[in-house]
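Keep in mind that what you see is a predicted model, and the values were worked out from it rather than measured. In this chain, numbering begins with 1 at the start of the sequence shown.
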Amino acid sequence: MLSPRANGETIMKALQLALAVLLATGSAVPVAASQTASAVRPPVDPALDAIVRDYEAYLKSVDPISAGSEGDVEAQGRLPDTSRAFELAQVQPMQACVARLEALSPDSLSEAGRIDQAFLLHTLRHALAGVPLDAGRLSFDSEGGPGSWALYMGQSTRLSSVAEAEAFVSRIRGFPDIYRNAVDNARRGLESGLVQPASVVDSAIALARNDVAIMPGDEPLMQPFAALPSTIPAAEQARLRREAQAAVAGVVQARREWLAFLTDDYRPKAPDAPGLANRPGGKALYAHLVAGHTTTDLSPDQIHQIGLSEVARIRARMETEMKAAGWTGDFAGFLAFLRTDPRFHAASRKDLLEKASEMAKRADDGLPALFGVLPRLPYGVRPVPREIEENYTTGRYNPGSIANGVAGGYMVNTSRLDQRPLYELPALTLHEAVPGHHIQTALQQEAEDQPYFRRQANVSAYTEGWGLYAEFLGEEMGFYRTPYERFGRLSYEMWRACRLVADTGLHWLGWSTEQARACFRDNSALAPHNIETELQRYICWPGQATAYKIGEIRLRNIRTRAETALGDRFDVRTFHDALLVDGPLPLDLLDRRMDAWIAEQAAR
């Protein structure tokens, strides 16, 4: 799972409220010093470029997290506005931007300009459609709320100057507003019936209690100040630490108020039943969220059927690998064997991290055969922080930043070793590290000939589809060395197929948690704890789980078209470069771009 966000995806979920409301008018908001399309591309689309400049100026103002990752020190001092008032205030400007874009004839634009125009229209129209649905009412999830931001930012921020340190102090001062907005947004949910279920609230409360119990010496927001560079005089360092500590005091109080709200006001009203299908207006919201995550017009019913079809197809392949492993019993017995035999589990946290590191390095070795263009940014293999590991997924990718001197991170959960089977580790590594999220994300960040909004775009179906496609590439790399690892790879693919079934079941068909659990338990080798963690994620983040398989199916289809059209002239390296270097797109636009590439290659 890609997490260009706090504690990974938690920041993304909170930022969706701010990022969905991007103003793009002729405002006088200054553009931060970073390369944009107009600075690099030939000025062939001046009218569109003017709109893009305005759009990007406001994008940087509402998304200081992304702007800061490109070295914008002013943005590093801010947090996004996640209030409902901010969202509502953007409707008229967004409508004005759509009108400006629609006034441009696509025939007057270059092909790159037409793609950018269509992408912007897709983004803004979807944002406008979502404003009345008020998804921000779901202001926290099973991985916590605002507290997750502090942990992520503290661990991912590197301060190299007085200006950056002062900016981070200013960012700390903004955290109480994030807590207040989360409370206000959740209260609207209580008033309107859009409420997280009790199981999700209990997880959030447990994490909020951990946040309240943080000792001063362990404060994550103070972590960046522990390693200030020697170029900052000692007196200045002391001043910066005092100011940061004073700012943290406000955050400590906000944490207490957040915990009190969750326990006293929210938890008593939390229902047991999960799913948007069981909430007022929930099905309309879910249909909107699915359309956003998949970037398609597939209905939840169609996605559910695709999931069932994929479950049947993958199950047949799993049966073949089960027999290849020499198992003579039934499928359920094989799953029980895999989940309980000690040979499939690491001996210690260190052992698991070392095995993941070896696999990551072995995957690095296969990259030149798959790509002609590789990113400059390296990545590391890191354990998930123990403060959050209990409710955290098995693995994740945290993007880095060349501008800020931070490497990408393949995060490995080293808790509950009996729930982290080694036969799944190769697929996890390929997905989260390379050739999966690190390659795709770092190439996107380094695409200097693309507009800023394209470098910062998050298209779930594309990014998560690529991660799942990377697991498939492991077969071509010869990465899976035993029938157990090949079965583990298929089990991971089954996991994503079951997501289509379970997510639509929970939020569209009104399923119980047990009905959703059955697909994973009966058809995959996922460990029980992983299944429960994943179920809570699907329950609290509706629609996101549908992106993976829908995106991967489309990527595999595009590759099949390219192989068929080009025959022995098909080069997987140039194909992957064409797919990745220009960055994410909604799937219909990706089809359009790649069909044009196939035609160009065929004409050579």
**Q.** side-chain contact (heavy atoms from CB on, under 4.5 Å) between W258 and I178, worked out
**A.** CA-CA 10 Å; W258 173 248; I178 294 295; over 6 Å; no

Q: Could you note down all residue pairs passing salt bridge (Lys or Arg N to Asp or Glu O under 4.0 Å) where residues 371-380 supplies at least one of them, sequence neighbours left out?
A: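 Every salt bridge (Lys or Arg N to Asp or Glu O under 4.0 Å) pair that includes a residue of residues 371-380, provided the two are not neighbours, is R376-E446.
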
So, are [X] and [Y] salt-bridged, with charged N and O less than 4.0 Å apart?
X	Y	result
E534	R499	yes
R187	D184	no
R496	E471	yes
R592	E111	yes
E74	K60	no
E87	R188	no
E552	R556	yes

Heavy-atom pair of closest approach, residues [X] and [Y]:
X	Y	result
A208	L262	CB-CD1, 4.2 Å
S192	P280	O-CG, 3.6 Å
T294	I303	CG2-CD1, 4.1 Å
Y286	P542	CD1-CB, 3.9 Å
S108	S105	OG-O, 2.6 Å
L79	G174	CD1-C, 3.6 Å

Heavy atoms, side chains only, cut-off 4.5 Å: are [X] and [Y] in contact?
X	Y	result
L120	V52	yes
L221	F175	yes
M94	V131	yes
Q223	Q155	yes
L367	P435	yes
H431	Y397	no
Y55	T123	yes
E166	V169	no

Please check if any side-chain donor atom of [X] sits under 3.5 Å from a side-chain acceptor atom of [Y], or the reverse.
X	Y	answer
N391	S142	no
D45	Q117	no
R537	T393	no

Q: Step by step, work out the salt bridge (Lys or Arg N to Asp or Glu O under 4.0 Å) result for R455 and E56.
A: CA-CA 11 Å; R455 295 200 304 276; E56 291 181 340; over 6 Å; no

(Q) Could you go through D54 and R100, starting from their C-alpha distance and side-chain angles, then the distance that decides it, and tell me whether this counts as side-chain contact (heavy atoms from CB on, under 4.5 Å)? (A) CA-CA 11 Å; D54 294 339; R100 291 176 70 190; 3.1 Å; yes

Quick one: [atom1] on [X] to [atom2] on [Y], what's the gap to the nearest 0.5 Å?
X	Y	atom1	atom2	result
I51	C97	CD1	SG	6.5 Å
Y179	R255	OH	CZ	5.0 Å
K549	L468	NZ	CG	5.5 Å
L190	Q196	CG	CD	11.0 Å
S148	F140	OG	CZ	12.0 Å
L124	Q90	CG	CD	11.0 Å

For the backbone of [Y] and the side chain of [X], can you confirm whether one donor and one acceptor N or O come within less than 3.5 Å of each other?
X	Y	value
Q444	A457	yes
Q445	G400	yes
R84	N181	no
W466	L555	no
Q76	G68	yes
H437	Y410	no
R78	S61	yes
T295	L587	yes
D577	V373	yes
R114	L109	yes

Q: Check the pair S69 / Q456 against side-chain contact (heavy atoms from CB on, under 4.5 Å), numbers first and verdict last.
A: CA-CA 10 Å; S69 73; Q456 295 296 339; 3.8 Å; yes

Hey, can you tell me if [X] and [Y] have their rings parallel, tilted or perpendicular (30° and 60° cut-offs)?
X	Y	value
F168	F225	tilted
H293	W541	perpendicular
H122	H126	parallel

Q) For the salt bridge (charged side-chain N to carboxylate O under 4.0 Å, His left out) test, which of D449, D582, D116 pairs with R454? A) D116

Q: Go through the steps to decide whether S299 and W508 satisfy the test side-chain contact (heavy atoms from CB on, under 4.5 Å), and finish with yes or no.
A: CA-CA 10 Å; S299 70; W508 187 255; over 6 Å; no

Q. What do the steps show when you test H576 against Y469 for ring-ring contact (aromatic ring centres under 6.0 Å, His included), and what is the final call?
A. CA-CA 11 Å; H576 288 153; Y469 173 83; 5.6 Å; yes

Q: Run the numbers on F453 and F119 for ring-ring contact (aromatic ring centres under 6.0 Å, His included), then give the verdict.
A: CA-CA 10 Å; F453 86 89; F119 194 177; 5.8 Å; yes

